[in-house]
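The block underneath contains the structure these notes are about, expressed in structure tokens.
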Amino acid sequence: MSSVFARKEETNSVPFTPVGNILVQEIKELARKLKAEEFLSACSNAAVHVEQNMADAAAYLLVLDVEKRSINIRPFPSMMMANLTYTQAERENRGKEHLQTVLVSVDSIGALRKAYPNYYLDVSEFLGELKKILRSST
């Protein structure tokens, strides 16, 4: 995808990446394998929810189900409780490739927003380019 953006911005592509149809086919295959579109869409939605409710929790446990295209967001008042629950969820979800379990601390979200205010958990441009490629006929 970096080479796609490089081409769009009329800069040099990433060294040793394929070009043309080969690049498109490789991206399509990887996106399908990783369920990238579903994952990125759900993460974007979760980020909005977490940001809107940051004052209510110290951390959030996010469990993304890519098969159902759903996300479960659970707030925690303390990192200790969040870490214990995260560890348990990781054990329960081991081997279930359709489930992605992520623990997000409010401090890390705040730091990310402060460091990169223009890109704060915004995957919309990346996702838009990925969708164009996935829907192309090549």
Side-chain angles (χ1 to χ4, degrees):
M1 286 302 296
S2 293
S3 288
V4 170
F5 279 99
R7 185 175 55 216
K8 182 179 178 180
E9 295 169 0
E10 298 179 358
T11 62
N12 294 330
S13 293
V14 177
F16 309 110
T17 57
V19 294
N21 290 340
I22 297 170
L23 175 63
V24 169
Q25 289 307 106
E26 186 174 305
I27 290 171
K28 284 182 176 184
E29 177 60 26
L30 286 170
R32 183 195 59 74
K33 181 178 178 183
L34 298 171
K35 298 181 177 162
E37 186 177 352
E38 296 89 343
F39 179 76
L40 291 171
S41 294
C43 286
S44 183
N45 293 337
V48 170
H49 174 83
V50 169
E51 182 182 25
Q52 290 172 347
N53 297 289
M54 278 175 51
D56 300 337
Y60 289 87
L61 178 66
L62 312 174
V63 180
L64 169 68
D65 187 328
V66 293
E67 286 180 357
K68 294 181 182 176
R69 292 186 173 203
S70 66
I71 191 157
N72 182 309
I73 303 169
R74 189 169 167 200
F76 289 89
S78 75
M79 282 303 296
M80 189 165 97
M81 285 290 299
N83 278 318
L84 289 171
T85 306
Y86 171 73
T87 302
Q88 180 182 353
E90 277 285 295
R91 269 191 238 122
E92 291 172 3
N93 296 338
R94 188 173 294 135
K96 299 175 184 174
E97 292 183 17
H98 65 286
L99 296 177
Q100 300 283 331
T101 307
V102 180
L103 181 62
V104 181
S105 79
V106 172
D107 287 342
S108 66
I109 291 174
L112 180 63
R113 185 175 2 151
K114 185 176 180 182
Y116 303 99
N118 294 330
Y119 300 101
Y120 171 64
L121 295 177
D122 183 5
V123 297
S124 58
E125 185 176 357
F126 184 92
L127 189 55
E129 288 299 316
L130 179 61
K131 285 179 178 182
K132 284 180 195 174
I133 290 170
L134 296 178
R135 281 144 185 78
S136 70
S137 58
T138 37

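Heavy-atom basis, side chains included; hydrogens, waters and symmetry copies ignored.
Nearest heavy-atom pair across Ala82 and Ala59 is CB-CB, 3.7 Å. Nearest heavy atom pair, residue Leu103 against residue Met79, reads CD2-CE, 4.3 Å.
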Got a list of side-chain donor-acceptor pairs under 3.5 Å for residues 6-16, not counting sequence neighbours?
from	atom 1	to	atom 2	distance (Å)
Lys8	NZ	Glu129	OE2	2.9
Thr11	OG1	Ala6	O	3.3

List, one per line, each side-chain donor-acceptor pair under 3.5 Å for residues 95-102, sequence neighbours excluded.
from	atom 1	to	atom 2	distance (Å)
Lys96	NZ	Glu92	O	3.2
Thr101	OG1	Asn93	ND2	2.8

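Grouping the Ile, Leu, Val, Met, Phe, Trp and Tyr side chains by contacts below 4.5 angstrom, directly or via other members, places Tyr86 with Met81.
Interatomic distance, CG of Asn72 versus CG of Leu61, reported as 7.5 Å (0.5 Å rounding). Here the OG atom belonging to Ser3 is positioned 7.5 Å from the CD1 atom belonging to Ile27, to the nearest 0.5 angstrom. One finds the CG atom of Leu127 at 11.5 Å from the NZ atom of Lys132 (value rounded to the nearest 0.5 Å). In this structure, CE on Met1 lies 12.0 Å from OG1 on Thr17, to the nearest 0.5 angstrom.
In this structure, Pro18 and Gln25 have side chains that are not in contact, with every pair of non-hydrogen atoms separated by 4.5 Å or more. Considering only heavy atoms from C-beta on, Val63 stays 4.5 Å or farther from Arg74 through its side chain.
For Arg32, the salt bridge (charged side-chain N to carboxylate O under 4.0 Å, His left out) test picks out Glu29, with sequence neighbours left out. Legend: residues meeting side-chain contact (heavy atoms from CB on, under 4.5 Å) with Arg91, ordered by chain and number and at least two apart, are Thr87, Arg94. Scored by the side chain to side chain donor-acceptor pair (under 3.5 Å) test, Thr85 finds no partners at all (sequence neighbours excluded). The side-chain contact (heavy atoms from CB on, under 4.5 Å) search around Leu30 returns Glu26, not counting sequence neighbours.
Taking a 6.0 Å sphere around CD1 of Ile22, one finds it holds 12 or fewer heavy atoms contributed by other residues, nucleotides or ligands.
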